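Everything on this sheet refers to the single structure shown next.
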2 protein chains.
Amino acid sequence: MIKVGIVEDDLHIREGLRLLVNGTPGFSCLHVFESSEEAIDQLPGLNLNVVLMDIHLPGKSGINCIIQLKPLCKETSFLMCTSYEDTESVFTALKAGASGYIIKNTPPSKILEAITDIYQGGSPMSSHIARKIVQSFQTTENNTILESLSKRENEILIALSKGLRYKEISDQLCISTETVRKHIRNIYQKLQVQSRTEALNKAYPRS
Amino acid sequence: MIKVGIVEDDLHIREGLRLLVNGTPGFSCLHVFESSEEAIDQLPGLNLNVVLMDIHLPGKSGINCIIQLKPLCKETSFLMCTSYEDTESVFTALKAGASGYIIKNTPPSKILEAITDIYQGGSPMSSHIARKIVQSFQTTENNTILESLSKRENEILIALSKGLRYKEISDQLCISTETVRKHIRNIYQKLQVQSRTEALNKAYPRS
DNA sequence: GAATCAATACCACTTTAGTAGTAATTTAAT
DNA sequence: ATTAAATTACTACTAAAGTGGTATTGATTC
């Protein structure tokens, strides 16, 4: 039995979804919420399996709702519902902790399929959204910068990124600390920076 | 006309795919390769739209092949082919620059669909793989550590992450540099570290 | 009202990091 | 073969970072 929750402001859609879920063997929906605020208030602790959440809610949006709820409901998967394929919103929602999404006018059987899919560890989504996500996590390394550094300089930069001190780096690479200093000075000059942190931020930007 | 390439060691599969692609209006396959090495040698410059690549190739694997090729063929999308749903390999391939994947015994019509999909900017993949990817890019912040720091300490940590010097931080926050030092000393103690870089690595780990 | 914590500030001191210039040796490329 | 770049190494100096201790104030909690 998959325990489903619904967060949806539109009465008709909300009741329609509830009827669909409760009318299907293997699914049950005992909790529906009209707003993000209501959901944030009551949802934690209910231990639902899947929550259908409208992405565009009046007041606090479904995305902000997830941002708050996800850390409190680790075991619950969130399936976003949107009226059209709003790539940006969906993308943001997924980043915030949603696991998939469906378009609202999806046929009922497909909605149930999506709920089952997400419950079983899938992420129902269009291949177009999938591509955007794949791209965002592909390690598009900033080769330009790293390639301007020599092999040794790159080694040293990696050591710097670990927080090692000059002495530790020189021991590890079996060269004098003076040489390490020299390399680092050259690195800083190439990257046009004045400190370790600046260099690392240029070479390995964080997300 | 979608220009397709094929990298596949098995003669039968390779020729089967080639026939399928060339026998379909709107698709053409003028280049097939038996190995990663061959592909790496000849593929750059061909400006293909989509390359079907076997994930398990003798010699250099399809994954390593992509790692080398992707930076040289930014305009080419890679569609991995695998005999079974090998989540780990597929995941790695996507990280390396592939855009989607199909299971080898997919019916021909679906293969063509996948090629079209990837060409039009989609990422054909199962929802199970999609979930893994979504999870990997969800910003699962390490709240535990950050929450152990006070509001002010977090502000200062952010300033540290930008590479600012103590003087710059104190100016920015309108407090004395001595106070900044004190805060930083407390941060280091809480995080059990001895330097800025170590602190940042603990607080904001890079991927 | 006492205790705790966060934020502020200062002093004294040590260590590490960064800047500047020079130079020998090796490796790769023209 | 000569040039260019990379790697190695040194000295001398300055600036910044890190360590240790103490202390005051205001807010929050018990």
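Since we're looking at a predicted model, the values are computed, not measured. Just so it is clear: chains get the letters A, B, ... in the order the sequence lines come, proteins before strands, and each one is counted from 1.
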Exercise for the section: Take A/Lys132 and A/Glu88 through the salt bridge (charged side-chain N to carboxylate O under 4.0 Å, His left out) test and state the conclusion after the steps. Expected result: CA-CA 10 Å; A/Lys132 279 211 65 168; A/Glu88 262 320 304; 3.0 Å; yes
Practice task
Quickly work out the B/Tyr166 OH to C/dA17 C1' distance and round it to whole Å.
Solution key: 11 Å
Fill in the blank from the handout: So the salt bridge (Lys or Arg N to Asp or Glu O under 4.0 Å) pairs with at least one residue in residues 53-64 of chain A (sequence neighbours excluded) are A/Asp54-A/Lys104
Show the atom names and distances, to 0.1 Å, of all donor-acceptor pairs under 3.5 Å that link a side chain in residues 69-81 of chain B to residues at least two apart or in another chain.
from: B/Lys70; atom 1: NZ; to: B/Thr76; atom 2: O; distance (Å): 2.9
from: B/Thr76; atom 1: OG1; to: B/Leu48; atom 2: O; distance (Å): 2.8
from: B/Ser77; atom 1: OG; to: A/Arg131; atom 2: NH2; distance (Å): 3.0

Fill in the blank from the handout: Separation of C/dG18 atom P from A/Ile156 atom CD1, nearest Å, is 13 Å
Handout entry: Reference residue B/Ser89; test side-chain hydrogen bond (donor to acceptor under 3.5 Å, both in side chains); the match among B/Thr87, B/Thr92, B/Asp86
Key = B/Asp86
Fill in the blank from the handout: Students should find that the end-to-end axis angle of the helix from C/dG1-D/dC30 to C/dT30-D/dA1, with five pairs defining each axis and rounding to 10 degrees, is 60°
Exercise for the section: Check step by step if salt bridge (charged side-chain N to carboxylate O under 4.0 Å, His left out) holds for B/Glu168 and B/Lys162. Expected result: CA-CA 11 Å; B/Glu168 294 174 308; B/Lys162 292 177 186 160; over 6 Å; no
Completion exercise
In the 5' to 3' direction, the nucleotides of DNA chain D bounding the stretch that comes under 4.0 Å of a heavy atom in chain A are D/dA6 to D/dT11
Exercise for the section: With DNA chain C as reference, determine whether B/Ser148 or B/Glu178 sits nearer its 5' end, using the nearest nucleotide of each. Expected result: B/Ser148
Completion exercise
Contact check, residues 180-200 of chain B vs DNA chain C, heavy-atom distance under 4.0 Å, returns B/Lys182, B/His183
Problem - Contact summary for A/Leu157 and A/Ala199, nearest pair of heavy atoms - result: CD1-CB, 4.4 Å
Practice task
First locate atom CZ of A/Phe91, then atom CE of A/Met125, and finally report the distance between them rounded to the nearest 0.5 Å.
Solution key: 10.0 Å
Handout entry: Note, B/Thr82 side chain near B/Val90 side chain (heavy atom, < 4.5 Å)
Key = yes
Exercise for the section: Using modelled atom types only, decide if a donor and an acceptor are shared between the side chain of A/Ser28 and the backbone of A/Lys3 within a distance under 3.5 Å. Expected result: no
Problem - Whole-Å gap separating C1' (C/dT14) and CZ (A/Arg165) - result: 12 Å
Exercise for the section: Tell me what B/Ser176 touches on the nucleic acid: a base, only sugar-phosphate, or nothing, going by heavy atoms under 4.0 Å. Expected result: sugar-phosphate
Problem - Spacing between A/Glu168 atom CD and C/dT15 atom P, to the nearest angstrom - result: 15 Å
Practice task
Select from A/Thr179 and A/Leu149 the residue whose nearest nucleotide in DNA chain D is closer to the 5' end of that strand.
Solution key: A/Leu149
Problem - side chain to side chain donor-acceptor pair (under 3.5 Å) contacts in which one or both residues fall within residues 6-17 of chain A, not counting sequence neighbours - result: A/Glu15-A/Arg18
Handout entry: Between P of C/dA6 and CD of B/Glu155, the distance in whole Å
Key = 14 Å
Completion exercise
For B/Val7 and B/Ser36, the nearest pair of non-hydrogen atoms, with its separation, is CG1-N, 4.4 Å
